[in-house]
Amino acid sequence: MKCLVVDDDFAARRLLQRLLSEIGICDIAVDGREAVDVFQDSLDEDDRYDLICLDIMMPQMDGHQALKAIRQYEEAGGIYGQDGVKIIMTTALDNSKHIMDAFREGCEAYIVKPVRKAKLFEEINKLGLSMPAS
Amino acid sequence: MKTIKLKELTQQSCSTIERLNEGDFSGLDNLQATLDQINQAIGSLVDVPVTWLDQAKESTSEALGTLQKIMSQADDNTSELVQSLSKEIHELTDFIEQGSRNEDEQAEAATAESESSESHDEGFTILADDLELIVDFINESSEHLEAVEGGLLKLEEKPDDAETLNTIFRAFHTIKGMAGFLNLVEIGSLAHAAENLLDLARKNELVLAAGKCDIIFASVDALKTMIDALRASANSGQPVPKFKGLQEILDGLKASETESDAQEQPPAPVTNPSEMPEKPADTIPIDVIETKLVQNADQKLDTLLKKERPSASSEVSYIKAKTALSDEKIKVSTTRLDNLINMAGELAVSHLMVTEEINTNVAVNHTLNRKVGHHSKIVRELQELTMSMRMVPIQGVFQKMSRLVRDLSRKMDKQILFKTVGEETELDRSIVDKIADPLVHMVRNSADHGIESAQVRVDAGKPAAGTIELRAFHQAGNIVIEIADDGKGLDKEVLLEKALQRGLIQPNQELSDEEVFKLIFHAGFSTAQKVTNVSGRGVGMDVVRKNIEALRGKVDISSELGKGSTFTIRLPLTLSLIDGQVVMVGCDRYIIPVNSIVRSYKPTAEQMSSILNRGEIALTQGKLVPVISLHELFGMTQTSKGITESLLVTVEEDQHQCCLVVDDLLGQQQVVIKTLGEMMGSIKGVSGGAIMGDGKVSLILDIPSLMEMARS
């Protein structure tokens, strides 16, 4: 499994990377713009990500915009629905507007920080991604 | 509120554990202290269920035990121990959070905790914390479901429309995601199952034939029911009831996934079934598609997607444009919007006052006039703009009808082609809400009584599939909604006979076609030989008319036996403006709604006659019409003018006419309706007031109640 962690905060990035490294390869990006670039490259090279953990409050490009850009790029490439990359929003923002917006923009799950291992893996499991035989 | 402290403590321990996971063991001592504190805090808790207390204690001591093990033996299995410790602490945290939520609930309502333990069977209670989210979810998902319905109806006509399929898929996907986040398990699982089925359809692994559309429609209905239940619970604070029949739908969806379609009819466009039985050659047999698909499934998908994109119809681009727009929308409460409209109205009035003042009191000053003219334009535009904010397209209502016709045609085994024209026509939000019910009645009637069965139609030389057309358009400042069917039409003879039986008309009474048709609006008037489970014409038609008249609208019927009927509803654009005829009575001005005026004229002495003790009547166009003197009604001292010097305004309401005596007609103008305020309450004969250009108030006459007053 190939994952991408997008967060501008070093500690958060490190935590997620460590957790996800248990179940696959884990790349990192430091803001939305970098995430979109990395994602587009991965799609062009057909080395797709299975999962993206996306923070919302980030400099350059925030999580909402990145999410939209990723989904648009997928659609332009003819990737729809369940074939798309699974995106989990991992953010400290817990107000209704952000949550509803994110789901409308096409994320699969939304975890309010602090991210806990059990919760993260539960969501990954629900998304039907392969889990390590632990 | 001891639990708040507990929560803090557990969160503290959670973060220590996270550091432990990363190999930082410095927080171990602290952790032990924290756990001890947790233990103490739990011990000091009162008013909590004993079972909860015991469990909390147990898991704390478990965690403590593991922690001690880690500290005592720094050997190989440390990481294992750390993991189990972190698991234990997270469990404890969840546990305590759950406990504190229960406590919150108890504080919120006096609902005993027994309810929350029972809630596993009964459904669940909405937590106060989640309420805002749940309410947003309800609104959000209702919109998505509407989009799904619209998409499905379109899909039935064009089962391979990839764009529509994606729209539906996305809506379900969003609902699933949100429901998952909010732990609405039932809604989530249903949306998930529907999503799976659609995903297969999207991949061309199955075709959404009629049967499969049915099951998706059923899931949409089920979701609606569940969301309604959720809404009710959110309002009342009661636990959300479990939805019954969920499993059946889930099974149905599941079965549809695997079930082979080869045996079924090719995707039948229900709304256009006439072509279906006769010439199935139009559609490529499923098995051919399937073989092709197996050969080059991927290519097929790609080409299909590419093909569909540029050729996307205008409808699709409309939906796209809508989705694009919806991103920039903000929601504003209607109260605030109404306030804005009200203020704009006030501004227009005060502007008029200034203009009149200038016209009368200021010597001709061209610069000033030009500036005032410019100002007038801005004010007018502002007013129009604010009015347009309340306007919404009628599309939503039409879509409901489309679904209704689809279901009815199934139920009654009739073939009905449903067409809509002018879905984008906009009208006032409050009218849209209120017009839906009458329309449902009328569309049902058309489908049930208007359209004949296929056999009867073919025998009469008509196409087997009947057509119902719903049209909306603007006409002369009104919104016109027409429901036209090409069914059997209204039978005048039957109507007259029935009316005679009920004593609604006298034998040999001369009635125009229009009047005969309008008989169906009388309460309890039904020409249906038997009342079906769909409708018996007349059941509800009087309610229909009342609803429409409450919106200051009118219904007209035209019908030709054997050819079909057309119901025309005329509605004002908005309920806050009215086209009024300003009249002079005595020295006051009054406003008569223009749409109730039939004619106005100067009577001659020959036309007038008096009936003893009953007042005066006027002979207009061969009819004797009672005359109401507004002077008397409003207690004015009669002006010296005789009746032949005054003017008569004939008004019509509910097929009754009467003449109002007025002194002068001052012209027509659009006025903003204002209520008279609570102090005045409701006054008979007056429906509201309007501020005129000179700042004085004129009363708007309420014709129905005026007539009532005149009769008594």
Side-chain angles (χ1 to χ4, degrees), chain A residues 10-19 21-22 64-65 67-68 71-72 74-84 86-89 91 93-123 125-128 134, chain B residues 11 14-15 17-19 21-23 83 86-87 89-91 93-94 129-137 139-141 143-144 162-163 165-166 168-182 188 192 195-196 198-203 301-306 309 323 326-327:
Chain A
F10 176 74
R13 211 157 53 217
R14 189 179 62 171
L15 173 63
L16 277 168
Q17 195 188 13
R18 289 212 178 147
L19 291 176
S21 294
E22 288 179 30
H64 288 300
Q65 287 170 316
L67 175 57
K68 272 191 265 186
R71 290 299 181 215
Q72 268 168 18
E74 280 187 336
E75 291 203 2
I79 300 168
Y80 289 95
Q82 290 181 340
D83 294 342
K86 306 288 183 223
I87 298 181
I88 301 179
M89 307 305 279
T91 171
L93 296 174
D94 63 348
N95 75 36
S96 174
K97 187 180 179 304
H98 280 290
I99 295 169
M100 293 296 158
D101 281 352
F103 278 112
R104 206 183 307 117
E105 286 151 8
C107 76
E108 266 76 19
Y110 195 107
I111 299 178
V112 178
K113 278 179 185 173
V115 177
R116 284 198 247 130
K117 188 177 170 180
K119 177 72 181 162
L120 178 66
F121 282 13
E122 182 198 324
E123 289 295 343
N125 214 3
K126 266 201 246 166
L127 294 176
S134 61
Chain B
Q11 261 151 23
C14 273
S15 50
I17 276 293
E18 264 154 28
R19 263 186 283 152
N21 274 332
E22 292 170 29
Q83 277 197 0
S86 94
K87 201 177 130 226
I89 288 190
H90 282 157
E91 268 173 14
T93 317
D94 288 339
D129 291 350
D130 291 348
L131 194 62
E132 192 199 341
L133 268 169
I134 296 262
V135 169
D136 279 352
F137 168 74
N139 294 336
E140 213 25 72
S141 50
E143 279 170 29
H144 285 301
E163 194 68 40
L165 210 48
N166 267 320
I168 302 175
F169 176 87
R170 231 175 278 144
F172 273 124
H173 188 76
T174 310
I175 294 176
K176 183 193 81 172
M178 291 176 180
F181 182 79
L182 291 167
H192 180 64
E195 184 193 355
N196 279 344
L198 284 159
D199 201 49
L200 290 175
R202 197 183 51 79
K203 287 178 183 151
L301 176 60
D302 285 348
T303 44
L304 190 84
L305 286 172
K306 276 178 196 131
R309 308 200 116 228
T323 15
S326 68
D327 288 346

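Numbered from 1 within each chain, the chains take letters A, B, ... in sequence-line order. Just the heavy atoms: all of them, side chains too, but no hydrogens, waters or symmetry mates, feed the values below.
Ion pairing between A/E105 and B/R170 fails under the 4.0 Å rule for side-chain N and carboxylate O.
The parts of B/F137 that come within reach of chain A are both its backbone and its side chain, each placing non-hydrogen atoms under 4.5 angstrom from that chain. Using a 4.5 Å cut-off between heavy atoms, A/K126 contacts chain B through its side chain alone, with no backbone atom that close.
A distance of 7.5 Å separates CD in B/E140 from CG in A/D101, rounded to the nearest 0.5 Å. We find the CE-CZ distance between A/M89 and B/F181 to be 11.5 Å, quoted to the nearest 0.5 Å. To the nearest 0.5 Å, atom SG of residue A/C107 and atom NE2 of residue B/H173 are 7.5 Å apart. Distance CG/B/D199 to CG/A/D83: 6.0 Å, rounded to 0.5 Å.
For the pair B/T174/A/M100, no side-chain contact is recorded, criterion being any heavy-atom separation below 4.5 Å from C-beta on. A heavy-atom distance below 4.5 Å is not found between the side chains of A/Y110 and B/L182.
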